[in-house]
Amino acid sequence: MSVPTPAADLERVTGLLRDVPDFPSPGIRFWDLSALLADGGGLAATTRLLASAADDADVVVGIEARGFLLGAAVAHALGVGVVAVRKQGKLPMVAATRSYDLEYGSATLELPAEVLRPGARALLVDDVLATGGTAAAAAELVEGAGAQVAAVAVVLELPALHGRERLDGHPVHALLAR
Ligand SMILES: O=P(O)(O)OC[C@H]1O[C@H](OP(=O)(O)OP(=O)(O)O)[C@H](O)[C@@H]1O
Ligand SMILES: Nc1ncnc2[nH]cnc12
């Protein structure tokens, strides 16, 4: 069977994206990838499209929690490993910590110690880029460890929240914008 075209992949991703009003708080339009991740063809299409953001990356960094699912799939597709950037308090050995605000609260991310090689080209993967607080914190953690951000790849960008502007010119590869 032939590999679907990027246009066919994008159509499949678009058709499986859901939005939910007033979650997790009133006024937030929440983009839910559950149906996309649960669909084998949809997950494969998403993985191919995200992996094309930086096919020369030598590690993927997946951001908790939804970025873990996508990050591991993208890493497997690229034949590289995945580093899980976690919410505070989950890792036994921590290289560095960054706090940030997002659309509906604040959070703290941690990079595991001794797994990101200095000089590595890291592809950051997450589901949504909204205010950019999460991706910017992850990028700072990566760079603080002496690695480079090859690109930030997300399924969905919310351009009204200007997340891209917080990413210091790092290439952003968003499959869709809403
Ligand atoms: O661009 P930002 O405004 O920072 O928002 C984007 C982040 O928000 C969501 O994660 P959330 O913190 O809700 O965590 P979860 O994936 O663990 O549910 C999403 O998965 C991104 O990581
Ligand atoms: N509106 C939204 N939908 C899903 N994830 C998000 N992360 C931040 N804002 C979001």
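Note that ligands are numbered from 1 as they come in the structure, with each ligand's atoms numbered from 1 the same way. For clarity, every value in this text was computed on a predicted model and none was experimentally measured.
In terms of N/O distances under 3.5 Å, ligand 1 is not approached by L102. Considering backbone and side-chain N/O atoms, A135 never comes within less than 3.5 Å of an N/O atom of ligand 1. At under 3.5 Å, not a single nitrogen or oxygen of V128, backbone or side chain, sits near a nitrogen or oxygen of ligand 1. For a threshold of 3.5 Å applied to N or O pairs, the pair formed by R29 and ligand 2 contains at least one separation below that value.
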- Item | side-chain hydrogen bond (donor to acceptor under 3.5 Å, both in side chains) between Q148 and H170, intermediate numbers included | CA-CA 10 Å; Q148 300 169 37; H170 295 310; over 6 Å; no
- Task: Using the salt bridge (Lys or Arg N to Asp or Glu O under 4.0 Å) rule, take D22 and R29 through it: C-alpha gap first, then chi angles, then the decisive distance, then the call.
- Result: CA-CA 6 Å; D22 300 320; R29 181 184 188 192; over 6 Å; no
- Item | Intermediate values then yes/no, salt bridge (Lys or Arg N to Asp or Glu O under 4.0 Å), E64 and K87 | CA-CA 6 Å; E64 186 163 353; K87 299 276 168 65; 5.7 Å; no
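Pairing each heavy atom of V13 with each of A45, the nearest pair is CG2-CB, 4.2 Å.
Side-chain contact check for E157 and H173: no donor-acceptor pair (N or O, by modelled atom type) lies under 3.5 Å.
Heavy atoms of L158 approach ligand 2 to within less than 4.0 angstrom. For I63, the closest heavy-atom approach to ligand 1 does not fall below 4.0 Å. Within the 4.0 Å heavy-atom shell around ligand 1 one does not find A107.
The protein heavy-atom contact nearest to atom 21 (C) of ligand 1 is D126 OD2, 3.2 Å. Ranking protein heavy atoms by distance to atom 18 (O) of ligand 1, first place goes to R66 NH2, 3.3 Å. Of the protein's non-hydrogen atoms, the one nearest atom 3 (N) of ligand 2 is W31 N, 2.8 Å. Of the protein's non-hydrogen atoms, the one nearest atom 13 (O) of ligand 1 is Y104 OH, 2.5 Å. Nearest protein heavy-atom neighbour of atom 16 (O) of ligand 1: A65 N, 2.9 Å. Distance from atom 5 (N) of ligand 2 to its nearest protein heavy atom, with residue and atom name: R66 NH1, 3.4 Å.
Numbered from 1 in the order shown, with element, the atoms of ligand 2 that lie under 4.0 Å from a heavy atom of E103 read 1 (N), 2 (C), 8 (C), 9 (N), 10 (C). Listed by number with element, the atoms of ligand 1 under 4.0 Å from a non-hydrogen atom of E103 are 3 (O). Using a 4.0 Å cut-off to heavy atoms of D127, the atoms of ligand 1 that qualify are 19 (C), 20 (O), 21 (C). Taking every non-hydrogen atom of E64 and a distance limit under 4.0 Å, the qualifying atoms of ligand 1 come out as 16 (O), 17 (O). For ligand 2, the atoms closer than 4.0 angstrom to any heavy atom of Y104 are 5 (N), 6 (C), 7 (N), 8 (C), 9 (N), 10 (C). Within ligand 2, counting atoms from 1 as listed, the ones closer than 4.0 Å to a heavy atom of A130 are 8 (C), 9 (N).
A single hydrophobic cluster is not seen to contain both L70 and V142; linkage of ILVMFWY side chains at heavy-atom distances under 4.5 Å, directly or through other members, places them apart. Clustering ILVMFWY residues whenever any of their side-chain heavy atoms sit less than 4.5 angstrom apart, transitively, puts V60 in a cluster other than the one holding I63.
The parts of T131 lying near ligand 1 are both backbone and side chain, judged by heavy-atom distances below 4.0 Å.
Under a 4.0 Å N-O distance rule, the pair E110/R86 does not qualify as a salt bridge. Look at D9 and R48 and you find a salt bridge, because one of the NZ, NE, NH1 or NH2 atoms lies within 4.0 Å of a carboxylate O, short of that distance. Contact check on R178 versus D19 returns no salt bridge, with no Lys/Arg side-chain nitrogen under 4.0 Å from an Asp/Glu carboxylate oxygen. Classification of R18 and D32 as a salt-bridged pair fails, no side-chain N sitting under 4.0 Å from a carboxylate O.
Annotation: the span from L17 atom CG to R12 atom CZ amounts to 14.5 Å, rounded to 0.5 Å.
Of the options E157, R86, K87, the smallest heavy-atom separation from atom 17 (O) of ligand 1 is shown by K87. Counting heavy atoms only, T134 comes closest to atom 4 (O) of ligand 1 of the residues L167, D101, T134, L70.
Between Y104 and F30, the two ring planes are tilted [angle within 30° to 60°].
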